[in-house]
Structure formats: C-alpha cells, structure tokens
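This is a predicted model, so every value here is computed, not measured. All residue numbers in this chain count up from 1 along the given sequence. Just follow the structure's listing: the first ligand is 1, and inside any ligand the first atom is 1.
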Amino acid sequence: MSENIFITEARIEGDDDGPLAGKTVAVKDNISTEGVRTTCGSRMLEDYVPPYDATVVSRLKDAGATIVGKANMDEFGMGTTTETSHFGETDNPAAPGHVPGGSSGGSAAAVAAGEADLALGSDTGGSVRCPAAFCGVVGIKPTYGLVSRYGLVAYGNSLEQIGPFGETVEDAAGLLDVIAGSDERDATTRPPQLEGERYADAATGDVDGLQIGVPTELLEGADEGVVETFWDALGALEDRGAEYHEVSLPSVEHAVEAYYVIAMSEASSNLARFDGVRYGHSGGYDGNWNEAFAKAREEGFGDEVKRRILLGTYALSAGYHDKYYKKAQDARAWVKQDFDEALSEADVLASPTMPVPPFELGESLDDPLQLYLADANTVPVNLADLPAISVPAGETDGLPVGLQLVGPAFGEEQLIRAASALA
Ligand code: GLN
C-alpha cells in the first residue's frame, strides 16, 4: 500500500448479516474503536487504545460491515491536505503526486484506491467534502445533529459531523442510512426526516424541475479550469430538466475568518484534556506538574495544532473575547441567515467544492493562510449547520474536480436525489 492510506490496518468484523454485510469500511482515525488504537494522526495519541466504540462504529458492526483500518488524517482534523499527520502524507490514488485533500484524506483515498468499499470521515469545515473532491469520490456532510458524535474525538464540536464516503451517491447514502439518527449519548442528535424509507432510495437521479441556486461569491477567485468543469456539470443537470439561477451570499466574505476563530477557540478548549496524565504522550513527572504538562504538549502536538491552540486561547482570553469570538458568532448568525434566504428561492445551492484542484504534495505546507482560504466554499456550510454533498464533476488537466450541493437543514434526501444524477 504505497499510498499510506491507513495509520493502523486492522480487521474488525461486524455481524453476519445486515444492510452492509460483505462491505468493507475505512474509518477515520479520530473515531474511537474499542481495542484498536485511535491516534487522531497525532504523536500525542500514538499509543492510545480506546476502551469503547463510537456510536457510528457500533452501528457499522450491527449493520454487518467489516472495518478494514483506521485511515490517515491531518492531526486532530486540522488541515486540508492530510500532510499535518504525524504518520506521514497520503498520496492521492486518483492523482498520484498530489494531496488527497483533508482532513479525512485517508478515508477518501481508501475508497478511490479500492482499499475499502466505503469510508467514514469527519467534517468540521470541509474535511469530508474536500478529500471527496480531490480523490474523485462522493462525500456527504450531514446536517448538524443527524449523526452522533459520541466517540468522535472533538476538534470544533459546534461545527462537526461524521460523514460517509462512497464511489457513488447511492453507496454513500446507504452508509448514511446506517449511521444517522438519534443517540442518547449525544444530546444534539435527532432522527432523520425522511419522506421515503431510506436515504439510498432517493438516489434516483431525477432532477426534473429542480431549482438550483448558484452563489456567485463561491465562483469568484476560483481556478478557471475548476469553474469550467463546474459549469459543464451544471449543464448536464440542466439537460436532465434542472434549472439554475444566480443567488448571492454576501456574508460568505467573512466566513473563513469567522470559521477559523470559532474552530480554533473550540480546539483550544477541546485539546486542553491532552496533558499526558490520563492518556496520551507522557511528559514524565519530575517533581513539577506544570513542566510535565508543558513537555507532554510540546512533544505530543505538531506545529499546526500548536498554532491553533495558541490562537484559540488568545481569541478567548479576557479583553479579546468580544473582539474576536463574539464577532465570529455574529458572522455565523449572518451566514445562516443568508443561506436561509438563498434556499427560500432554490431547492439546492451549487458551487465547486474546492476553488482549486488538488495541490502537489508538499506544495502548500509553508503557507497556512493560503490553505485556510482554500476552505472558502466548504466552511460556510458548517457555520450554517446545513447538509452538503460533494460529487465528482469531471477533471481539469487530469485532476478531479468536485461539485458541492448544499440543502436546507435535514434536506439530505433532496441532495442525494440531485447529486445522483452525476454519480
Ligand atoms: N481545513 C479545515 C480546517 O483545517 C477543515 C478541517 C475539518 O473539516 N476537520 O479546520
């Protein structure tokens, strides 16, 4: 396996029968698996073996799936390329020499390489949709609250959802059927709102009469070849009876800033638990607890994680809280409002998933700000708690391009129906 897709290869057999019997699934390594180490791509958790399963993992087992490994990822989900992993980079099976996207890069690569039929990732600001787009597979970011986060190691807990990958929309929707629904261990969850029986049944490809809104702001500044591929895919939907019109989301101009303030603030709090005492890399106690904690965190975390903990701590500190965190929350409310308005005149919104094609390996590591800006089209959706799907739209210069569809809260069925016209 030259691509470095898995951090840990492990076979976890599920029940004998069920809707996923005979299917193999790769699980992102920030989703807890009882008895199988769960590293979050970090040295901090290099030897951490959870004593329990995440709810989604129990549901996979009950559904008869076989888990084939824990997939590589950016450290604690912080990244867009899977290059911040302590366990090395993953190559993109659909575009060798390029990044698979991130942070769930190993999961998407597993499906693209045929190492697994399906995969689970997590999406805090695009981490399912970006690697789906870069690897030429399908990825779904569910509405906030549709899928249990119990057993998902938290990064930005108010933003993130576990989401499925598949080669086709129907495959990904079938996995969503298994993981979706309320869980008494996650009070933010609620049941699916389905018109039919299953999400997978919605993958009919019927887009006749579908009203598509195209937010002009999400095309501005995007790579030319990406935009061309996007319009070609939209044309294919039009040929099948869909109609589109332009819409405006003025607030998205501030979405990347707001997202990174909120995500880093939540990260600084969520990652405070890693002190090397209860679990994780130990700093070794030498008579001074402060020094032991500092050493554990200095050695256990990589640069990107440290950068975010520092910035998040700063944004939340007395005197700066109102200036950064509160402002970001105001921007979040504005983004939500804009989406509500745009979706009152359209069934779904369409844009390129990523404004750029996959970077070459190593190309983007030195410029974190540039990398944050690559999330421009995905993070607004997390700020608004909405569902979205990334579906292959075609290629530019031989590199995969993804089309993103965004729908109203709990409107996954609609997204699945529309996206299944393309894959
Ligand atoms: N690239 C974004 C970030 O680094 C998204 C990550 C994610 O969705 N986990 O925060």
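Side chain of Ser351 to backbone of Leu349: no donor-acceptor contact under 3.5 angstrom is found.
Within the structure, the closest approach of Gly126 to ligand 1 falls below 4.0 Å when heavy atoms are considered. Arg129 does not count as a contact of ligand 1, since none of its heavy atoms falls under 4.0 Å from the ligand.
Ligand 1 places these atoms under 4.0 Å from at least one heavy atom of Gly125: 5 (C), 7 (C), 8 (O). Ligand 1 places these atoms under 4.0 Å from at least one heavy atom of Tyr259: 2 (C), 3 (C), 5 (C), 6 (C), 10 (O). In the vicinity of Gly77, heavy-atom distances shorter than 4.0 Å reach the ligand 1 atoms 6 (C), 7 (C), 9 (N). Each of the following atoms of ligand 1 lies closer than 4.0 Å to a heavy atom of Gly79: 1 (N), 2 (C), 3 (C), 4 (O), 6 (C). Listed by number with element, the atoms of ligand 1 under 4.0 angstrom from any heavy atom of Tyr155 are 3 (C), 9 (N), 10 (O). The contact set between ligand 1 and Asp123, taken as ligand atoms under 4.0 Å from a residue heavy atom, comprises 8 (O). Taking every heavy atom of Met78 and a limit of under 4.0 angstrom, the matching atoms of ligand 1 come to 4 (O). Numbered from 1 in the order shown, with element, the atoms of ligand 1 that lie under 4.0 Å from a heavy atom of Tyr260 read 1 (N), 2 (C), 3 (C), 4 (O), 10 (O).
Note: no N/O pair closer than 3.5 Å links Ser122 and ligand 1 by distance alone. Taking only nitrogen or oxygen atoms, main chain and side chain alike, Thr124 reaches within less than 3.5 Å of ligand 1.
Other residues, nucleotides and ligands contribute at most 12 non-hydrogen atoms within 6.0 Å of the CZ atom of Arg185. Annotation for Glu299: atom CD counts as buried by contact number, over 12 foreign heavy atoms lying within 6.0 Å. No more than 12 heavy atoms of other residues, nucleotides or ligands shown are found within 6.0 angstrom of CG on Asp397.
Of the protein's non-hydrogen atoms, Ser127 OG, 2.2 Å is the one closest to atom 7 (C) of ligand 1. Protein heavy atom in closest approach to atom 2 (C) of ligand 1: Asp375 OD2, 3.1 Å.
Listed here is the closest heavy atom pair of Thr82 and Gly102: OG1-CA, 3.7 Å.
The proximity of Ser103 to ligand 1, defined as any non-hydrogen pair under 4.0 Å, is limited to the side chain. The proximity of Met264 to ligand 1, defined as any non-hydrogen pair under 4.0 Å, does not occur for either the backbone or the side chain.
Ile31 contributes atom CD1, which lies 5.0 Å from atom CG of Leu120 (distance to the nearest 0.5 angstrom). To the nearest 0.5 angstrom, Gln329 atom CD is 8.0 Å from His321 atom NE2.
For an aromatic pair to be called close, the ring centres must be under 6.0 Å apart, and Trp334 with Phe339 fails this.
Residue Asp123 forms a salt bridge (Lys or Arg N to Asp or Glu O under 4.0 Å) with just one option from Lys141, Arg129, Lys28, Arg149, and that option is Arg129.
Using a 4.5 Å heavy-atom cutoff, the side chains of Tyr259 and Arg332 are not in contact.
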